[in-house]
There are 2 protein chains.
Amino acid sequence: MKRLTKDDWVQFGLKVLKNEGYSQLKAGTLAKRLNVSRGSFYWHFEDLNAFHAALIAEFWSVSENIASTLGSNHGPHQKLQFLMHATQQADFELERAFRAWGRVHQDVGLQIERLDQMRLAVVHSIVKDAIEVPEKSESLAKFTYAAAIGLMTLGKEKVGLTDTDLAGVIDALLGLESA
Amino acid sequence: MKRLTKDDWVQFGLKVLKNEGYSQLKAGTLAKRLNVSRGSFYWHFEDLNAFHAALIAEFWSVSENIASTLGSNHGPHQKLQFLMHATQQADFELERAFRAWGRVHQDVGLQIERLDQMRLAVVHSIVKDAIEVPEKSESLAKFTYAAAIGLMTLGKEKVGLTDTDLAGVIDALLGLESA
DNA sequence: GTAATTCAAGACACTAGTGTATGGTGGCAA
DNA sequence: TTGCCACCATACACTAGTGTCTTGAATTAC
C-alpha cells in the first residue's frame, strides 16, 4: 500500500470538491476513499481548517497563474478570446464549486472576490485599449466579465454557446473586427 | 409566546438560507432562533427533506410568478429592461443562495435548471423580436442572460454597474435605441 | 365549560463527524 | 542491524445533529 503525501490529500480534496461539492470535504469520508484511516489525515493536517486553507491556497495559486499568462497574447481581440476561453476552460467546474463554497465559508469568499477584482481589472485594461469611446470601457468590461461568469455559473454545456458564436458577440459588443 | 405555522417556518427558512446559506438549515438551529424546540419543527414537517421541499416549492412559485408578469410590458426595450431589473432585484440574494445550494443538492439543482430554461426562452423570444438579424438571436439571448446571471453571481453592489449603464450596454448589444 | 385539536417541550436512542493519544510498521541511514 | 522517523491504524472522548415518543399546555369548537 502506497503511502500518501500532503499534496496527495490536497489534490484529492480538489477533485472531490469539484465533483461532489464542499460538503464532502470530511476527514473520514476522504480517508475511506483513499483507503487510509483518519490517522493519515490528522498527521498531515492540524485540523479541518488547515486542510481547507491548503485547498484555498492551491486554488488561488492555480487561478492566479492562469490570469497572469494573459500578457503573452497580442492584440485586444486575441487577449479577450484567450481570457474568455480561460474562464470557460476545463477546470471551470472547480471554480464553480469554490464559488458555491464561498457562499458559506468566509475565507473562500474573500479569495473569490480577490480573483474577480483581479480579472475584472485585466478585462477593463483590455477593453480600454480596444474601443474608441473610453468612457464606455468600464460598463463594457463589467458586462463582459459578468457574461463570462454567468456562462460559467450556468455551465458551458448547458448553455450551448460555441466559441465562435461567443467571439462574434463580444466583437460586436466592442465594435471589433474578428480578424 | 406566539405559536408558529408551517408558513412561519418556511419564511424563516428562506430568510436564513438567504443570509447564512443552506448549511444553517438545521432543525435545532432554526428552532433555537425561533425560541421553540425541535418538537415544533417535527410537528410541522415530516423530516428535513420535507422542509427542504417546502422551501424549494416556495422559491419556485415566487420565481415563476416574477417571470410570468413579464408579458404586461410592451416593446422589447421595456421588456428587457424589466427582465434585467427583475433578475437584479431585491431578492437576488435568495436566488444566489439557492444556486449555491443547488451545487450539492440535486432537487434544488433541477429547479434552478428549470428556471434558467424558462427565463432563457423568454429572453430569446424578446431578442428575436428586437433585432434585425434573426440568426444571431440565439447567441445574443444566451449572452445577455449569462450576463444577468453573472451580475447576480458577482453581486450587484460589488460590480457597481448602474441601471442606466446596464441599459446602455444592452441596447448597444442589440442595436436598439433607448427610447 | 368542557372536549378535542393543535402546537410545543423534553427525554431518549441513534448516527456521523471531529480531534487526541498511543501504539505499530516499513523503509532508510549510520 | 539497529534504530529512527515518517506515515498510518485504532480506540477513545466528545459534540452536533436527526428523528421518535410521551407528555403538557393553549386554542378552538361545541
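Just so it is clear: chains get the letters A, B, ... in the order the sequence lines come, proteins before strands, and each one is counted from 1.
- Salt bridge absent: A/K142 and B/D165 never bring a charged side-chain N and a carboxylate O closer than 4.0 Å.
- Legend: side-chain hydrogen bond (donor to acceptor under 3.5 Å, both in side chains) pairs involving residues 99-113 of chain B, not counting sequence neighbours, sorted by first then second residue: A/K158-B/E113, B/E95-B/R99, B/R99-B/D116, B/Q111-B/R114.
- Listed nucleotides D/dA9, C/dG17, C/dG26 differ in distance to A/R3; the shortest reach to its side chain belongs to C/dG26.
- Going from atom CG of A/D47 over to atom P of C/dG17 covers 17 Å, rounded to whole Å.
- Between B/D7 atom CG and C/dT6 atom C1' there is a gap of 17 Å when expressed in whole angstrom units.
- When distances are taken from the side chain of A/S37 to each of C/dA8, D/dA9, C/dT20, the shortest belongs to D/dA9.
- Here the nucleotide nearest the side chain of B/W43, chosen from C/dT6, D/dC8, D/dT18, is C/dT6.
- The side chain of A/H44 places an N or O atom within less than 4.0 Å of a non-bridging phosphate oxygen (OP1 or OP2) of D/dC8.
- Counting atom types as modelled, A/R38 pairs a side-chain N or O with a base atom of C/dG19 as donor and acceptor under 3.5 Å.
- Between the P atom of C/dG27 and the NZ atom of A/K2 lies a distance of 13 Å, rounded to the nearest Å.
- Here C/dA9 presents its P atom at 14 Å from CZ of B/F41, a figure rounded to the nearest Å.
- In this structure, A/F45 atom CZ and D/dC8 atom P are separated by 11 Å, rounded to whole Å.
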Please step through side-chain contact (heavy atoms from CB on, under 4.5 Å) for the pair A/V122 and A/Y145, ending with a clear verdict.
CA-CA 10 Å; A/V122 172; A/Y145 184 61; over 6 Å; no

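- Taking atom OH of residue B/Y42 and atom P of nucleotide C/dA11, one finds them 18 Å apart after rounding to whole Å.
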Dump the intermediate steps for side-chain contact (heavy atoms from CB on, under 4.5 Å) on A/F59 and A/V108, then the final yes or no.
CA-CA 10 Å; A/F59 171 69; A/V108 178; over 6 Å; no

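- Separating the CG atom of A/L48 from the C1' atom of C/dG17 is a distance of 9 Å, rounded to the nearest angstrom.
- Remark: of the listed residues B/K15, B/K156, B/K18, B/R96, B/K18 is the sole one forming a salt bridge (charged side-chain N to carboxylate O under 4.0 Å, His left out) with B/D91.
- Set against D/dT20, C/dA8, C/dT18, the side chain of A/K26 has C/dT18 as its closest nucleotide.
- Atom P of nucleotide C/dG17 and atom OH of A/Y22 are separated by 14 Å, given to the nearest angstrom.
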